[in-house]
Enquirer: 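I have a structure I would like to understand better, so I am pasting it below and will then ask my questions one at a time.
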Amino acid sequence: MEHAFTGPSYTIGIEEELMIVDEETLDLSNSIERLLADLNEMPTDGEVKPELMEGVCEIATTPVKNTVEAGAQLRALRRTVNQVAQQHELAIGSAGTHPFALWEDSRVVARPRYRDLISGLQFVARQEIIFGIHVHVGVDDPDKAIHVTNGMRVHAPLLLALSANSPFWRGDDTGLESTRTPVFRAFPRVGIPPRYDDFADWARRIQFMVESKVIGDYTYLWYDVRPHPNFGTVEVRVMDSQTRVEQTLALAALVQAMVKELCEHYDSGAELSRYPYEMLDENKWLAARHGLDAQLVDLPKQERVPVPELTRRVMERLRPHAEELGSEEDFDCLEDILDKGTGASRQRKVYDANHDLREVVREILDATVPEAAEAAGE
């Protein structure tokens with residue numbers, strides 16, 4: 001299989017899936033095509049793209065050196081898309097789910113890939129009104145990319161716990177911190193990925209699936225972490241979309257530092273520890289259920305450790321990597337999540353005041369593009 005794992009190493013790209021919301025009703029709005037038509041006339045650093053449903057808008061940075069550069073692009077993209085949305089009496093918001101949207105009201109984007117997905121997956125794809133962030137980090141060798149992918153599996157639950165931002169679904173409090181996780185779990189080829197021996201093993205197994213005609217290509221594997229040969233990156237996909245852009249950047253800085261550590265681990269000739277798949281999956285469930293309040297099993301030990309304690313341990317180990325990458329300021333913003341809570345806990349705090357989910361959506365919109373809220377005098 002051809003690949004672009006040629007470097008430079010540790011470049012970072014971030015994709016955010018945003019919700020398009022009616023400014024007055026605060027309902028999810030099937031309006032991506034209207035936004036794209038206007039945005040096509042506007043030059044931007046980065047890209048604005050459709051996703052499966054018309055109520056979703058994806059923004060993506062170009063490959064950059066660190067989260068400082070990525071942050072400048074993300075903030076500009078959020079502002080630009082929101083400005084265009086306001087011309088249509090719409091707004092953009094960022095969270096793992098829209099608190100009261102119904103998938104029955106959503107329309108599928110008129111693109112062959114998405115129509116084929118609906119045809120193949122039916123209800124499973126139709127009810128996918130969820131929003132995530134994907135972080136790509138450049139890797140300069142194909143076998144190293146597989147090493148990193150294998151190694152990131154143990155980190156996926158911690159990243160999910162820190163990013164949990166979807167406590168409401170179809171107008172109900174689900175009792176979960178990341179409802180996006182079980183909703184997406186209905187898809188095939190998702191969750192903690194299999195372990196691969198090397199790039200040749202990965203390519204053989206993907207080719208078997210392609211030749212069996214169960215997938216068109218490797219992009220139909222939606223695991224929490226996957227090698228992306230076309231881009232020459234390892235892509236981490238486990239996290240909910242973040243309302244505050246600084247939290248997106250904090251998580252991206254953590255992912256970038258994790259990838260750098262694993263690349264250097266590979267370069268040293270060291271072997272990865274092997275963990276029982278069921279324990280990786282169990283940790284992920286605990287993260288989705290409890291978020292920041294989860295106690296994850298500190299593999300390979302059997303000890304349960306609170307997420308804040310585990311996070312600070314990991315931060316202490318990885319901070320030198322973040323400093324070398326120039327992403328240390330965003331990396332240190334992880335403390336904001338630990339001190340003030342995840343997006344899910346903030347949503348519940350707003351809801352508990354008046355039990356009004358529209359108030360929750362308004363808070364999400366205002367925090368997604370705070371400049372717009374300040375300009376409106378809110």
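The model shown is predicted, which means the values in this text are computed figures rather than measured ones.
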Enquirer: Do we see a donor-acceptor contact under 3.5 Å between the side chains of E359 and N354?
Expert: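 On atom types as modelled, these side chains qualify, holding a pair under 3.5 Å.
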
Enquirer: Do the rings of H228 and F231 sit parallel, tilted or perpendicular, given the 30° and 60° boundaries?
Expert: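 Parallel, since the angle between the ring planes stays under 30°.
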
Enquirer: Give a yes-or-no answer on whether the side chains of D140 and S9 include a donor-acceptor pair shorter than 3.5 Å.
Expert: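 The criterion, which ignores hydrogens and geometry beyond distance, is satisfied for S9 and D140.
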
Enquirer: How close do H290 and E177 get, counting heavy atoms only, and between which atoms?
Expert: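 It is C-CG, 3.3 Å.
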
Enquirer: Hey, are D198 and H147 close enough side-chain-wise for a donor-acceptor pair under 3.5 Å?
Expert: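 The answer is no; no qualifying pair exists.
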
Enquirer: Side chains of S29 and D22: is there a donor and an acceptor less than 3.5 Å apart?
Expert: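 Side-chain D/A pair, S29 to D22: absent.
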
Enquirer: Sub-3.5 Å donor-acceptor pair from the side chain of Q256 to the main-chain atoms of T67, do we have one?
Expert: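 Judged by distance alone, no pair lies under 3.5 Å.
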
Enquirer: We want to know whether R348 and S345 form a side-chain donor-acceptor pair, criterion being a heavy-atom distance below 3.5 angstrom.
Expert: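 No, no side-chain donor-acceptor contact under 3.5 Å.
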
Enquirer: Among R75, R79, Q83, which one satisfies side-chain hydrogen bond (donor to acceptor under 3.5 Å, both in side chains) with E371?
Expert: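 The side-chain hydrogen bond (donor to acceptor under 3.5 Å, both in side chains) with E371 is passed solely by R79 among R75, R79, Q83.
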
Enquirer: Using modelled atom types and a 3.5 Å cut-off, is there a donor and acceptor pairing between side-chain atoms of S94 and backbone atoms of L18?
Expert: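 No, the answer is negative, given that no donor and acceptor are paired below the 3.5 Å cut-off.
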
Enquirer: Quick one, F100 and W169 - any side-chain contact, counting heavy atoms below 4.5 Å?
Expert: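 Contact flag for F100/W169 side chains = no.
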
Enquirer: Scan the side chains in residues 244-252 for donor-acceptor partners under 3.5 Å anywhere in the protein, sequence neighbours excluded, and list what turns up.
Expert:
{"from": "Q247", "atom 1": "NE2", "to": "D336", "atom 2": "OD2", "distance (Å)": "3.3"}
{"from": "T248", "atom 1": "OG1", "to": "E16", "atom 2": "OE2", "distance (Å)": "2.8"}

Enquirer: Hey, does P188 have a side-chain heavy atom less than 4.5 Å from the side chain of L121?
Expert: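 SC-SC contact between L121 and P188 confirmed.
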
Enquirer: Which pair of heavy atoms, one from G55 and one from L28, lies closest together, and at what distance?
Expert: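 Smallest interatomic distance, heavy atoms only, reads O-CD1, 3.8 Å.
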
Enquirer: Closest approach of A287 and L296, non-hydrogen atoms and distance?
Expert: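 Answer, listing the atom of A287 first, then L296: N-CD2, 4.1 Å.
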
Enquirer: So for atom CZ, which belongs to R185, do other residues, nucleotides or ligands contribute more than 12 heavy atoms lying within a distance under 6.0 Å?
Expert: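 Not buried by this count: 12 neighbours or fewer within 6.0 Å.
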
Enquirer: Tell me which donor-acceptor pairs under 3.5 Å the side chains of residues 200-210 have, and how far apart each pair is, sequence neighbours excluded?
Expert:
{"from": "D201", "atom 1": "OD2", "to": "D197", "atom 2": "N", "distance (Å)": "2.9"}
{"from": "D201", "atom 1": "OD2", "to": "R205", "atom 2": "NH1", "distance (Å)": "3.1"}
{"from": "R205", "atom 1": "NH1", "to": "R195", "atom 2": "O", "distance (Å)": "3.2"}
{"from": "Q207", "atom 1": "NE2", "to": "E211", "atom 2": "OE2", "distance (Å)": "3.1"}

Enquirer: Can M53 and N30 be said to form a side-chain contact (heavy atoms from CB on, under 4.5 Å), step by step?
Expert: CA-CA 8 Å; M53 297 298 181; N30 296 307; 5.8 Å; no

Enquirer: Hey, does V48 have a side-chain heavy atom less than 4.5 Å from the side chain of L35?
Expert: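 The answer is no, as the side chains (C-beta and beyond) never meet within the 4.5 Å cut-off.
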
Enquirer: Got a donor-acceptor contact below 3.5 angstrom from the S166 side chain to the G96 backbone?
Expert: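 Pair absent, no side-chain N/O of S166 close to backbone of G96.
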
Enquirer: Are any side-chain N or O atoms of D172 and backbone N or O atoms of T174, one a donor and one an acceptor, separated by less than 3.5 Å?
Expert: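 Side chain of D172 to backbone of T174, a donor-acceptor pair under 3.5 Å: no, none is there.
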
Enquirer: Taking the six-membered ring for Trp and the single ring otherwise, decide whether the centroids of Y351 and F168 are under 6.0 Å apart.
Expert: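 Yes - the distance between ring centres of Y351 and F168 falls below the 6.0 Å cut-off.
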
Enquirer: Between the side chains of S31 and E54, is a donor N or O closer than 3.5 angstrom to an acceptor N or O?
Expert: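 There is no such pair between these side chains.
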
Enquirer: Looking just at side-chain N and O atoms, do T342 and N165 make a donor-acceptor pair shorter than 3.5 Å?
Expert: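 There is no such pair (donor and acceptor under 3.5 Å, judged by atom type) between the side chains of T342 and N165.
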
Enquirer: Looking only at non-hydrogen atoms, find the nearest pair between P99 and V360 and report the distance.
Expert: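 Looking at all heavy atoms of both residues, the shortest contact is CG-CG1, 4.0 Å.
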
Enquirer: So that I can tick it off, tell me whether R312 and E316 are bridged by a salt bridge, with the cut-off set at under 4.0 angstrom between side-chain N and carboxylate O.
Expert: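 Looking at E316 and R312, the cut-off is not met.
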
